[in-house]
Amino acid sequence: MTGSAGTGGAGERPARVRYAPSPTGDPHVGNIRTAVWAWLHARHTGGQFIVRIEDTDQARKIEGSVERILGSLEWLGLDWDEGPDIGGPFGPYVQSERLPLYHEAVERLLASRDAYRCFCTAEELDAMRERQRAEKRPPGYEGKCRAIPPTEAEERAKSEPHVIRFAVPDEGTTVCHDLLRGRIEVENSTLDDFVILKSDRYPTYHLAHVVDDHAMEITHVTRGDEWIPSMPRHCLLFDALGYERPIFVHTSIILAPGGGKLSKRHGAKSMLEYAEDGYLPDAVFNFLCITGWGYGDETVMSRQQLIDVFEIENIGLNPATFDMEKLTWMNGVYIRQTPVEELSEMIARRLEVELPPDVPRPVDRALVEAVTPLIQERIQTLAEVTPLIDFFWQSEIAPPPPEEFLQKRWKDRASDAASALERVAAATEEVEPFEAGPLEERMRSLCEELEVKAGDLFTLIRIAVTGRRVSPPLFESMEIVGRGVCVDRLRAASASLAAVSAP
RNA sequence: GCUCCCAUCGUCUAGCGGUCAGGACGGGACCCUUUCAAGGUCCAGACAGGGGUUCGACUCCCCUUGGGAGCACCA
């Protein structure tokens with residue numbers, strides 16, 4: 001901790017920022033990282049973080065999405081001050097429940113001639129695009145229905161399906177500002193008359209977000225930079241409606257390791273999948289925040305520290321590549337930082353579902369607590385836990401095949417190995433007290449008696465007792481496993497080796 | 001095709017006209033060590049290219065190149 005804290009929000013007005021996902025699936029890292037930053041900005045400035053569901057596309061709606069979106073935020077520890085589930089002073093927070101607001105805005109736009117009814121059919125529009133492509137002209141609505149006199153349009157509207165389009169000025173330029181990129185200027189001639197109200201009377205994103213962000217008094221519109229190209233449209237809408245424009249903050253996207261779009265293969269898993277994969281919320285939160293944004297040389301930062309120090313204007317502009325290995329490393333850091341009691345609770349929950357069914361439930365908590373310190377600094381994700389320590393719960397483990405033992409120093413020396421293990425078993429029976437310290441002491445002196453290197457003997461013991469070549473610290477493990485079981489396993493191993501050596 | 005955005009080690013980044021271009025992940029070496037980790041020390045590794053501006057450019061401007069996004073009755 002450098003002590004060189006940020007401004008702590010002093011001097012910054014409380015911001016109202018929103019996370020506005022559409023319920024079309026589970027949020028992925030790129031998407032949720034925007035939420036992390038928005039949340040941080042809200043907390044940093046002492047403002048509000050709002051969740052709004054953008055479900056204006058009835059066709060794409062996916063059942064259960066909202067729950068999973070909220071669940072993802074919750075898991076990450078992003079709490080919201082207003083939202084679909086808890087309401088708030090600017091509700092409702094679901095766009096499909098705000099239709100009258102959009103219709104009212106459309107009426108105003110129609111009245112001011114900033115919008116008009118369009119009766120073009122899908123076929124006509126397709127044909128138009130076809131023509132544009134053939135003539136190598138940029139695609140876009142050419143304004144055919146703009147020429148229809150309002151009275152005629154009103155009349156036809158009574159019986160004909162239609163949409164409402166925004167009438168973009170033919171000339172001039174629209175100047176927008178992005179907090180991170182500054183001035184962004186676009187020729188109006190490159191903008192077409194976009195749809196603001198669909199024929200099903202639902203608004204498009206363009207209209208809905210403008211109406212809602214104004215109504216909800218959003219100060220900062222934070223979203224992915226795929227929205228930059230349509231920002232001028234939004235500015236035009238804000239202006240036409242007489243609304244003050246919010247501060248736009250377009251954040252760059254997250255790229256896949258090889259470059260290109262992030263896909264399932266590359267870690268674009270949903271947030272909830274990270275939980276399943278054994279990642280800690282704080283680690284993912286920290287990591288997400290740090291990719292695409294930085295604070296000096298700091299990397300591992302607590303939630304509070306991040307809130308204190310986060311400055312939204314310092315978000316990086318270049319698209320970042322998702323570095324799965326760094327996430328995993330960071331997760332390891334967080335696991336090591338976690339108090340043992342907490343960690344053992346997490347581990348217990350894992351074991352509860354991952355241990356073989358024949359292990360009695362609930363899983364022995366005292367045992368988990370004893371084992372946790374042994375593996376805390378050896379794991380990077382909770383998913384590694386079970387395979388590492390399941391032997392503590394297996395009352396019977398078949399001795400590994402003799403080849404496991406007879407390597408390196410013990411190659412072709414089955415009978416030596418067998419007798420060494422027998423000596424170890426005998427010593428194990430006698431050690432008092434049966435604790436790691438005395439155990440190690442005894443085994444080391446046994447090494448001298450046997451004239452073998454400690455590592456060589458310990459490997460034999462390790463394989464016999466834990467069933468594997470890699471394990472948590474040997475003597476601590478033996479202490480936990482217990483004298484009886486250790487001796488049994490040692491003798492079993494010894495016997496199996498003796499069998500091999502016998503002619 | 002048109003419009004827009006971006007550009008420092010392999011990756012995430014610090015830098016905000018004068019630095020030996022710093023840190024982290026990953027990689028390598030060594031130390032520690034009962035395995036595996038963790039920890040410690042050290043090493044390799046970057047300003048995409050070309051023009052300007054300036055006494056002086058990683059830093060400011062332009063072009064090129066490269067990457068990305070958008071051009072729907074999807075968001």
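Residue numbers start from 1 in every chain, and the chains themselves are labelled A, B, ... in the order their sequence lines are given, proteins ahead of strands. Note that the structure is predicted; figures quoted are calculated from it, not measured.
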- Task: For B:U8 and B:C31, measure between their C1' atoms and round to the nearest Å.
- Result: 33 Å

- What distance, rounded to whole Å, do you find between the two C1' atoms, one in B:C58 and one in B:C20? 15 Å

Report, one pair per line, the protein and nucleotides 33-43 of chain B atoms (nitrogen or oxygen only) whose separation is under 3.5 Å.
{"residue": "B:U34", "atom": "OP1", "partner": "A:R444", "partner atom": "NH2", "Å": "2.2"}
{"residue": "B:U34", "atom": "O2'", "partner": "A:R462", "partner atom": "NH2", "Å": "3.3"}
{"residue": "B:U34", "atom": "O2", "partner": "A:R462", "partner atom": "NH2", "Å": "2.4"}
{"residue": "B:U35", "atom": "O2'", "partner": "A:R469", "partner atom": "O", "Å": "3.3"}
{"residue": "B:U35", "atom": "N1", "partner": "A:R462", "partner atom": "NH2", "Å": "3.3"}
{"residue": "B:U35", "atom": "O2", "partner": "A:S471", "partner atom": "N", "Å": "2.8"}
{"residue": "B:U35", "atom": "O2", "partner": "A:S471", "partner atom": "O", "Å": "2.9"}
{"residue": "B:U35", "atom": "N3", "partner": "A:R462", "partner atom": "NH1", "Å": "3.3"}
{"residue": "B:U35", "atom": "N3", "partner": "A:S471", "partner atom": "O", "Å": "2.7"}
{"residue": "B:U35", "atom": "O4", "partner": "A:P473", "partner atom": "N", "Å": "3.4"}
{"residue": "B:C36", "atom": "O2", "partner": "A:R378", "partner atom": "NH1", "Å": "2.9"}
{"residue": "B:C36", "atom": "N3", "partner": "A:R378", "partner atom": "NH1", "Å": "2.2"}
{"residue": "B:C36", "atom": "N4", "partner": "A:R378", "partner atom": "NH1", "Å": "3.4"}
{"residue": "B:A37", "atom": "O2'", "partner": "A:E377", "partner atom": "O", "Å": "2.4"}
{"residue": "B:A37", "atom": "N1", "partner": "A:E377", "partner atom": "OE2", "Å": "3.1"}
{"residue": "B:A37", "atom": "N3", "partner": "A:E377", "partner atom": "OE2", "Å": "3.2"}
{"residue": "B:A38", "atom": "O4'", "partner": "A:E377", "partner atom": "O", "Å": "3.3"}
{"residue": "B:A38", "atom": "O3'", "partner": "A:R336", "partner atom": "NH1", "Å": "3.4"}
{"residue": "B:G39", "atom": "OP1", "partner": "A:R336", "partner atom": "NH1", "Å": "3.4"}

- Test side chain to side chain donor-acceptor pair (under 3.5 Å) applied to A:S159 and A:R156, step by step: CA-CA 6 Å; A:S159 57; A:R156 287 177 64 181; over 6 Å; no

- Query: Do A:R462 and A:S471 have a side chain donor and acceptor closer than 3.5 Å?
  - Reply: yes

- Query: Paired with B:A14: which nucleotide, if any, by Watson-Crick or G-U wobble criteria at under 3.5 Å for both distances?
  - Reply: none

- Calculate the interatomic distance between A:E311 atom CD and B:C16 atom P; express it in whole Å. 16 Å

Output one line per pair: protein atom, nucleotide atom from nucleotides 6-15 of chain B, and distance, for all N/O pairs under 3.5 Å.
{"residue": "B:U8", "atom": "OP2", "partner": "A:N318", "partner atom": "ND2", "Å": "3.3"}
{"residue": "B:U11", "atom": "O3'", "partner": "A:T321", "partner atom": "OG1", "Å": "3.4"}
{"residue": "B:C12", "atom": "OP1", "partner": "A:T321", "partner atom": "N", "Å": "2.8"}
{"residue": "B:C12", "atom": "OP1", "partner": "A:T321", "partner atom": "OG1", "Å": "3.1"}
{"residue": "B:C12", "atom": "O3'", "partner": "A:G292", "partner atom": "N", "Å": "3.4"}
{"residue": "B:C12", "atom": "O2'", "partner": "A:I290", "partner atom": "O", "Å": "3.2"}
{"residue": "B:C12", "atom": "O2", "partner": "A:K326", "partner atom": "NZ", "Å": "3.2"}
{"residue": "B:U13", "atom": "OP1", "partner": "A:G292", "partner atom": "N", "Å": "2.6"}

- Query: Got a second to check how far A:F166's CZ is from A:T204's OG1, nearest 0.5 Å?
  - Reply: 11.5 Å

- Please measure how far the P atom in B:U53 lies from the corresponding atom in B:G10, and state the result in whole Å. 32 Å

- Task: Provide the distance between the two C1' atoms, one in B:A7 and one in B:U13, to the nearest whole Å.
- Result: 14 Å

- Message: By nearest atom, which of the nucleotides B:C5, B:G68, B:C74 is closest to the A:I253 side chain?
- Response: B:G68

- Query: Which base sits across from B:C60 as a Watson-Crick or G-U pair, both distances under 3.5 Å?
  - Reply: B:G52

- Nucleotide B:A72, atom C1' - distance to CD of A:E124 in whole Å: 16 Å

- Query: Which part of the nucleic acid, if any, lies within contact of A:R165, taking any heavy atom under 4.0 Å across all strands shown: a base, the sugar-phosphate backbone alone, or nothing?
  - Reply: sugar-phosphate

- Which nucleotide, in any strand shown, forms a Watson-Crick or G-U wobble pair with B:C9, with both distances under 3.5 Å? none

- Report the distance from atom OG1 of A:T251 to atom CZ of A:R223, rounding to the nearest 0.5 Å. 10.5 Å

- Task: Nearest whole angstrom, please: distance from the P of B:A75 to the CZ of A:R233.
- Result: 13 Å

- Look only at the side chain of A:T466 and the backbone of A:R468, and say whether a donor-acceptor pair between them is shorter than 3.5 Å. yes

- Residues in ring-ring contact (aromatic ring centres under 6.0 Å, His included) with A:F475, at least two apart? A:F458

- Item | From A:D225, A:T222, A:D178, residue fulfilling side-chain hydrogen bond (donor to acceptor under 3.5 Å, both in side chains) relative to A:H250 | A:D178

- Any strand, both distances under 3.5 Å, Watson-Crick or G-U wobble: B:U33 pairs with none

- ring-ring contact (aromatic ring centres under 6.0 Å, His included) against A:Y279, all qualifying residues, sequence neighbours excluded: A:Y274

- Task: Mind checking ring-ring contact (aromatic ring centres under 6.0 Å, His included) for A:H206 and listing every partner two or more places apart, or none if nothing turns up?
- Result: A:F194, A:H234

- Message: So does A:R60 get a backbone contact from the side chain of A:T24, meaning a donor-acceptor N/O pair under 3.5 Å?
- Response: no

- Message: Can you list everything that forms a ring-ring contact (aromatic ring centres under 6.0 Å, His included) with A:Y102? Sequence neighbours excluded, please.
- Response: none

- What does A:C447 touch in the nucleic acid at a heavy-atom separation under 4.0 angstrom: a base, only the sugar-phosphate, or nothing? nothing

- Query: Taking atom P in both B:A21 and B:U59, what distance in whole Å separates the two?
  - Reply: 14 Å

- Indicate, with a heavy-atom threshold strictly under 4.0 Å, whether A:V195 touches base, sugar-phosphate, or nothing. sugar-phosphate

- Of the listed nucleotides B:A75, B:A72, B:C73, the one nearest the side chain of A:S199: B:C73

- Message: By the 4.0 Å heavy-atom rule, please label A:P23 as base, sugar-phosphate, or nothing.
- Response: nothing

- Quantified in whole Å, what is the P atom distance between nucleotide B:A24 and nucleotide B:A38? 15 Å

- Query: Rounded to the Å, how far apart are A:D213 CG and B:A75 P?
  - Reply: 15 Å

- Task: Could you check whether A:R129 gets within reach of a base, just the sugar-phosphate, or nothing at all, counting any heavy atom under 4.0 Å?
- Result: sugar-phosphate

- Item | Whole-angstrom distance between B:C47 and B:G22, as gauged at atom C1' | 13 Å

- Message: Expressed as a whole number of angstroms, how long is the span from A:F194:CZ to B:A75:C1'?
- Response: 15 Å

- Task: Would you kindly give the CG-to-C1' distance between A:L191 and B:G70, to the nearest whole Å?
- Result: 11 Å

- Quick one: label A:T328 by what it contacts on the DNA or RNA (base, sugar-phosphate, nothing), any heavy atom closer than 4.0 Å. nothing

- Task: Determine the interatomic distance between P on B:C16 and the same-named atom on B:A29; round to the nearest Å.
- Result: 36 Å

